Structure formats: structure tokens, C-alpha cells
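In what follows, a single structure is set out as C-alpha cells and then discussed.
Being a predicted model, the structure only gives us computed values, none of them experimental. Index from 1, following the sequence.
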Amino acid sequence: MADFLKKGTVSDMQIITGIREMKGFSDSARKEGKTIAFVPTMGYLHDGHMSLLKEGRKYDCLVMSIFVNPIQFGSDEDYNTYPRDMEMDLKIAADSGVDIVFNPKAGEIFPEGFKTHVAVSELSSRLCGISRPLHFQGVATVVAKLFNIVKPDVAIFGQKDFQQFIIIKQMVKDLNIDIEIVGIPVVREKDGLAMSSRNKYLTPEERIAGTCIYRGIMKGMDVFDIGERDTDIILREVRNVIENEPSAKVDYVKICDITTLEGIKVIKNSALLAAAVWIGRTRLIDNCVLGRGLM
Ligand code: PAF
């Protein structure tokens, strides 16, 4: 690691690794009447994260966490190989005006004997929860912990992970957590592929193939825009586009209620069109809200 990163600061940005130190920082900022915005991340930052940081910079103090959360990965998933590049992340964070990078050790967040989990029922078992049964419990648990440590006024999440965004909103409501949850629209590559740290896994051919998800979603929007409201018909059109790509294997393509994430047959006003698709060995997700424009 470069020397300037070891010292714990990059220009004015501070890097905090300890929970006590992080809580201490937030307590003093709050005492001074400052508002704290928080962007939780697993690192390997891209333009999608930068759009969250841009929103966070509107507040007095901007905290970003980098923590690859072991408990949101299944045992057959990519925790060990999840892309990591601390040097690049710290540079992006500093350039985006982050005040504090909170980068705790897994052993301090989940010490021996850790027993408590946060489970947001129903919402966590739909869509991605079917093929990733403990994923959202892992997300809700770590986010609840990070909220208690960082003590922000506002927390900012990307809506590419729409289900995660809805689950966190439900969690703060149910647990009376006084943090405003802000959602930021999906950021896309020029050819439409939703930005994701996992895009790094794609070979050049898969990278091109991956655009089938966006093309499928666009097809869904077009069919909706010309007046179709029967979700079976819209979904068939979306699947046709995605499945026309030989390396794509659909995990799910669904149209559901925006707040309950329950599947619906006929769209009244708006609905979430969400997809998870394997491109080779990489599982990618994407979505849009029908009736509100592409996010
Ligand atoms: O969206 C992510 O990167 C993660 O799920 C989060 C919210 C940082 C929790 O680990």
C-alpha cells in the first residue's frame, strides 16, 4: 500500500478503522450540530458509487464505509474473490470529497460469539431472496450495525439494488431508526449495462453480452409505454430479448409491486420490473420502474 495511505489520511480525508474512534467522531460532529451523510459500500468503487457520494456531499459531513460484508455472501458465493482495490477506492473517495472512510476489520464487526441478526421478513424472501436466502439478512444486519456506529442523519443507497433499498427503508421504519434513507437512480455504462463492481468479472465477450439485460428492460418499457398492462405479456417480451443472448441464463425476470415486491398480474399505475441474469459465471441484476421512466 502506498505510504500516504498508511498514515491514515489522504489530503483532508481521514481513514478510521476502529468502531470506538468512528463513534467518537460522529458524536463530536453531532454535538457541533453537523449533519452526517453516510454511504455504505463494499469498495471497488465506480461511477454508481460516485453518484451516491455526490448526493452525500450536500451534507456537512460525509462518511463512506468500505467493508466487504462476509455474512451477506452464501457459502458458494464470491466473498473471497470479490474485487478489492483500496488504493483506487481511497483516491475516488478523496476526489469525491469524502470526509471519513470507515474501513473496519471483519473481526471487529463480527467478533467470536456474535449472535444477533436483523431479518426483514417477506421482502427478503422475494426476487433475489429466492436464490440468495440469507443475503438480505446479512445486509440488514451489517447496515443496522453500521448505522449504530456511524450514527448518520441520512444514508444513501443505489437503486440498482432496489430490493436492498426497500428492505433498508422497511428496517428503519420498523426499528424506529431516525435515519432518512435516500435512493439514487441506477448509473449505466454508455451501452446501458448497469454499473456494478461485479462487471469486472466479465470477459470482453460477456461484457458485450451483458447488455442484453438492459435491452430486455428497455423492451419491457417500450411494451408498457404503448399501453400493455398484462405482466405475462410484458415479461415474455423481456425474456425473449435476454434469452436471445446465448451466454445469458435468466435467474428471474419479474414485475412486482414497488413497495411489497409481490408479483402482480396487471399493472395499474406503476410497477417494478426487475431481473437477475447469469452471464457466464457472473450474476448481474438490473431494474426499472414502469410508469416512472428508466432509473
Ligand atoms: O450495496 C452494498 O454494497 C452492500 O450490500 C452494503 C449496503 C454496503 C452492505 O454491505
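Judged by distance alone, the side chain of D99 and the main-chain N or O of L62 form a donor-acceptor pair under 3.5 Å. Remark: side-chain polar atoms of T35 are not paired, donor with acceptor, to backbone N or O of Y59 under 3.5 angstrom. Side-chain N or O atoms of R198 include none that pairs as donor or acceptor with a backbone N or O of L284 at under 3.5 Å. A donor-acceptor distance shorter than 3.5 angstrom exists from the side chain of D85 to the backbone of M88, with no hydrogens or angles considered. Proximity of a side-chain donor or acceptor of R283 to a complementary backbone N or O of W278 within less than 3.5 Å is not detected.
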task = Apply the test side-chain contact (heavy atoms from CB on, under 4.5 Å) to residues I184 and I156: give CA-CA distance (whole Å), side-chain angles for both, the deciding distance (0.1 Å), then the verdict.
result = CA-CA 7 Å; I184 301 293; I156 302 154; 3.5 Å; yes
request  = Report the C-alpha separation of V223 and K219 in whole Å, then their side-chain angles, then the decisive distance to 0.1 Å, and conclude whether the side-chain contact (heavy atoms from CB on, under 4.5 Å) test is met.
outcome  = CA-CA 6 Å; V223 177; K219 180 73 185 178; 4.2 Å; yes
query = Going through the distances and angles, do I36 and S26 end up as a side-chain contact (heavy atoms from CB on, under 4.5 Å)?
reply = CA-CA 8 Å; I36 302 175; S26 295; 3.9 Å; yes
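Residues P40 and F157 have side chains in contact (heavy-atom distance under 4.5 Å, counting atoms from C-beta outward). Under the 4.5 Å side-chain criterion, counting only non-hydrogen atoms from C-beta, I92 is not in contact with H49. At a threshold of 4.5 Å between non-hydrogen side-chain atoms, the residues E180 and V182 count as touching. At least one side-chain heavy atom of E189 sits less than 4.5 Å from a side-chain heavy atom of M195. Between I258 and F162, some side-chain heavy-atom pair lies under the 4.5 Å cut-off. Between V68 and P70, the closest side-chain pair of non-hydrogen atoms is not below 4.5 Å. For the pair I234/I267, a side-chain contact is recorded, criterion being any heavy-atom separation below 4.5 Å from C-beta on. In this structure, M64 and L53 have side chains that are in contact, with non-hydrogen atoms separated by less than 4.5 Å.
Within the model, atoms NZ of K145 and CD of E108 stand 9.0 Å from one another, a figure rounded to the nearest 0.5 Å. Between the CG atom of D174 and the CE atom of M171 there is a distance of 9.5 Å, given to the nearest 0.5 Å. From L193, atom CG reaches atom CG of L202 across 7.0 Å, with rounding to the nearest 0.5 Å. The CE atom of M22 sits 9.0 Å away from atom CD1 of I149, with the distance rounded to the nearest 0.5 Å. Taking NZ of K200 as the start and OG of S196 as the end, the distance is 12.5 Å to the nearest 0.5 Å. Remark: I167 CD1 to C128 SG distance equals 9.0 Å, nearest 0.5 Å.
Judged as a side chain to side chain contact (heavy atoms under 4.5 Å, CB included), and not counting sequence neighbours, the contacts of C256 are L127, L261, L272. The side chain to side chain donor-acceptor pair (under 3.5 Å) search around K265 returns D232, not counting sequence neighbours. By the side chain to side chain contact (heavy atoms under 4.5 Å, CB included) test, K105 pairs with no residue at all, sequence neighbours left out.
Scanning both residues, I242 and A248, for their nearest heavy atoms gives O-CB, 3.6 Å. Closest non-hydrogen pair, V241 versus C212, comes out as CG1-O, 4.1 Å. Smallest separation of non-hydrogen atoms from F67 and P104: CD1-O, 3.6 Å. Residue E206 comes nearest to Y201 through the heavy atom pair OE1-O, 4.0 Å, listed as atom of the first residue, atom of the second, then distance. Closest heavy-atom contact between N69 and G138: ND2-O, 3.0 Å. Heavy-atom minimum distance, R126 versus T260: NH1-O, 2.7 Å.
By the 4.0 Å N-to-carboxylate-O rule, D95 lies close enough to K91 to be salt-bridged with it. Salt-bridge formation is detected for the pair D191/R207: a Lys NZ or Arg NE/NH1/NH2 atom is positioned less than 4.0 Å from an Asp or Glu carboxylate oxygen. Looking at R84 and D89, no side-chain N of the basic residue comes within less than 4.0 Å of a carboxylate O on the acidic one, giving no salt bridge. One finds a salt bridge joining R132 and E77 here, because a Lys/Arg side-chain nitrogen approaches an Asp/Glu carboxylate oxygen to under 4.0 Å. A salt bridge links R30 and D153; the closest N-O separation between the charged side-chain nitrogens and carboxylate oxygens is under 4.0 Å.
Under a 4.5 Å side-chain heavy-atom cut-off, the cluster of Ile, Leu, Val, Met, Phe, Trp and Tyr residues that includes I208 has no other member.
Ring to ring, F102 and F38 are not that close: their centroids are 6.0 angstrom or more apart.
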In a table with atom names and distances, give each donor-acceptor pair under 3.5 Å that connects a side chain of residues 115-125 to protein atoms at least two apart or in another chain.
{"unit_1": "K115", "atom_1": "NZ", "unit_2": "G113", "atom_2": "O", "d": "3.3"}
{"unit_1": "S124", "atom_1": "OG", "unit_2": "V120", "atom_2": "O", "d": "2.6"}
{"unit_1": "S125", "atom_1": "OG", "unit_2": "E122", "atom_2": "O", "d": "3.0"}

Side-chain donor-acceptor pairs under 3.5 Å in residues 41-48, sequence neighbours left out?
{"unit_1": "T41", "atom_1": "OG1", "unit_2": "G43", "atom_2": "N", "d": "3.0"}
{"unit_1": "T41", "atom_1": "OG1", "unit_2": "S65", "atom_2": "O", "d": "2.7"}
{"unit_1": "H46", "atom_1": "ND1", "unit_2": "G48", "atom_2": "N", "d": "3.0"}

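Counting heavy-atom neighbours within 6.0 Å of R281 CZ, excluding the residue itself, gives a total of 12 or less.
Note that K160 lies outside the cation-pi zone of F165, set by a 6.0 Å cut-off to the ring centre and a 45° limit from the axis.
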